[in-house]
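Notes follow once the structure below has been shown.
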Protein chains: 2
Amino acid sequence: MATHTGSQAVERAGALLGVIVESGTPRTFSSLVDELGMAKSTTSRLLHALERSRLVHRDRAGAFRPGALFSLHAARPSALHDLSELARPTMEHLSELSRETVNLAVPRGGTPVQIDQVESRYLLGAVSWVGVDVPAHCTALGKVLYAYGALDLPRGALERRTAHSPVDRAQFDHALIEVRRRGWAASLDELELGLAAVGAPVRTVDGTVVAAVSVSGPTSRVNEYGITRLGDLLVAELRGLSALLGHYPARRDVS
Amino acid sequence: MATHTGSQAVERAGALLGVIVESGTPRTFSSLVDELGMAKSTTSRLLHALERSRLVHRDRAGAFRPGALFSLHAARPSALHDLSELARPTMEHLSELSRETVNLAVPRGGTPVQIDQVESRYLLGAVSWVGVDVPAHCTALGKVLYAYGALDLPRGALERRTAHSPVDRAQFDHALIEVRRRGWAASLDELELGLAAVGAPVRTVDGTVVAAVSVSGPTSRVNEYGITRLGDLLVAELRGLSALLGHYPARRDVS
DNA sequence: AACAGCGGTTCCATACTGTGAAACTTTTGC
DNA sequence: GCAAAAGTTTCACAGTATGGAACCGCTGTT
């Protein structure tokens, strides 16, 4: 029962690439053979072909990573725009449900970088943060990325912005554990009095957190809606995104 | 005379991907058929296979762009690190030749983002700019990215940082033309008195500018070395990088 | 409405190319 | 130094990729 008529070799090569790119960490030849269950010879041949096309790169240690073509694409200014595009429908939907500002951020250069935003439907809403330098530990997006290891924990003292800012390291670490437990993060009056946000992770199918989405607005309205309700809503909505990012054909054919 | 023993279908699919990713702009089906000279049927089949593997994405208009796997990779914090890795040897070499600080930047979110740096060999050298928010029009890296359209021109007034900062719009536009003519950009005392930099573009084989590299140090030493000499050096060194980024097997077999 | 033109997909017979087992070579571990 | 693991190459076979042609579904034209 073939999934589709067509090019077997290309699909197998695609499956290899999928595994290599999604796992995020360099993969050894044998781990690929094990995971996809193809003959060593076939795997070897396909990997060499992919290497010639600069789709994979084998490092000194002999492990495979995404190739120059992926780096080239990543260097383009439009690269993250593509991610925004994938996330757009979900963000629009969240915006409709909450009527608040929705943001998308990825970790880059040690801090969360906002790459897309859907404006609040209210007149009084969170304004654009794009480009503004805010301490990540006071934001929902930052906490999410920290909690799931998408961002290295901040070094040095935790800056205080308001009386509610998390500045105690032990307390902050505990907060991150709590984030992982619940699956979402909140930031109430921590960055600015009256400003609140709730954020949740965007995952690939294999569970890796690659981005975060938040809903933010006046603390009063956010509280009114319900922090937990908002958190759970985010988690539920973002689950769907994983499929877009990371669905690839099931292997293990029964021959 | 086959280039290598192996997988024709995969290599052809790889060539398709190469064209799609490198051209940076959405490609139509027929432009791909024309460029690679494969049968329409073959091209169609391969593209569908690539689509199933999320390596290409066809947008509403039916044009092909890099797929979700590329976006996924681009969203990872390590993505740009890969580019740095490719550029490292060249940057190290430039550092040895000039003994000054060498920087690598890509356009991201409307501004140049420094993604790698080799420190000056001198005690008095340009310090790390990573993360520091500087007006791009006063930097060599920024000018290069502006000049080649890798970055959209700044909106609004051009901020003045020193008496030498370019603040007149017409004059600035003219300076960019000059940058394109020479192939490199300079910034002398424009950002900070006593600080100078010379930058040049990093191109893919098809000529698209995806990044910029600069050498910076005290104006006195940079002048002593020679602005033009430095510019030409940069251009020459960076030409080699293109091959790493963009070399892919020549098509047009003679059958 | 009928039609031509264009962009893309599906069909199909042909033969070429991808396949896996096994032999072979290289590296790692002890 | 040997043995085992890791990875590459060989090879005969069959299955799959190939391109021409037919086909489909638009869009614009008279």
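Here is how names work: the chains are called A, B, and so on, in the same order as the sequence lines, proteins then strands, and each is numbered from 1.
- Take His174(B) and apply the side chain to side chain donor-acceptor pair (under 3.5 Å) test, not counting sequence neighbours, and it matches no residue.
- Taking atom CD of residue Glu11(A) and atom C1' of nucleotide dT17(C), one finds them 17 Å apart after rounding to whole Å.
- In terms of phosphate contacts, Arg45(B) brings a side-chain nitrogen or oxygen within less than 4.0 Å of OP1 or OP2 of dT18(D).
- Among the nucleotides dT18(D), dA17(D), dG8(C), the one closest to any side-chain atom of Leu46(B) is dT18(D).
- Between dA6(D), dA17(D), dG8(C), one nucleotide has an atom nearer to the side chain of Gln8(B) than all others, and that is dA17(D).
- In this entry the distance linking CG of Leu16(A) with P of dT19(C) reads 10 Å, nearest Å.
- Sequence order on DNA chain D of the closest nucleotides to Ala9(A) and His48(A) puts His48(A) first from the 5' end.
- The side chain to side chain donor-acceptor pair (under 3.5 Å) test applied to Arg27(B) returns Ser31(B), Glu35(B), not counting sequence neighbours.
- Both the sub-6.0 Å distance and the 45° axial angle are satisfied by Arg203(B) relative to the ring of Tyr148(B).
- For Ser44(A) and dG7(D), the shortest distance from a side-chain N or O to OP1 or OP2 is not below 4.0 Å.
- Phosphate contact (OP1/OP2 of dA17(D), side-chain N/O of Thr42(B), threshold under 4.0 Å): absent.
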Kindly give the atom pairs (protein nitrogen or oxygen, nucleotide nitrogen or oxygen) under 3.5 Å for nucleotides 20-26 of chain D.
unit_1, atom_1, unit_2, atom_2, d
dG20(D), O6, Ser41(B), OG, 3.3

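- Contact between the side-chain N/O atoms of Arg12(B) and the OP1/OP2 oxygens of dG19(D) is found at a separation under 4.0 Å.
- Listed by chain and number, the residues in a side chain to side chain donor-acceptor pair (under 3.5 Å) with Glu51(B) amount to none (sequence neighbours excluded).
- Checked against side-chain contact (heavy atoms from CB on, under 4.5 Å), Asp232(A) has the following partners two or more places apart in sequence or in another chain: Trp184(A), Thr228(A).
- Here dA21(C) presents its C1' atom at 16 Å from CE of Met38(A), a figure rounded to the nearest Å.
- By the side-chain contact (heavy atoms from CB on, under 4.5 Å) test, Ala175(B) is found to be paired with no residue, residues two or more places apart in sequence or in another chain being considered.
- In this structure, Arg58(A) does not reach the dG7(D) phosphate: none of its side-chain N or O atoms is under 4.0 Å from OP1 or OP2.
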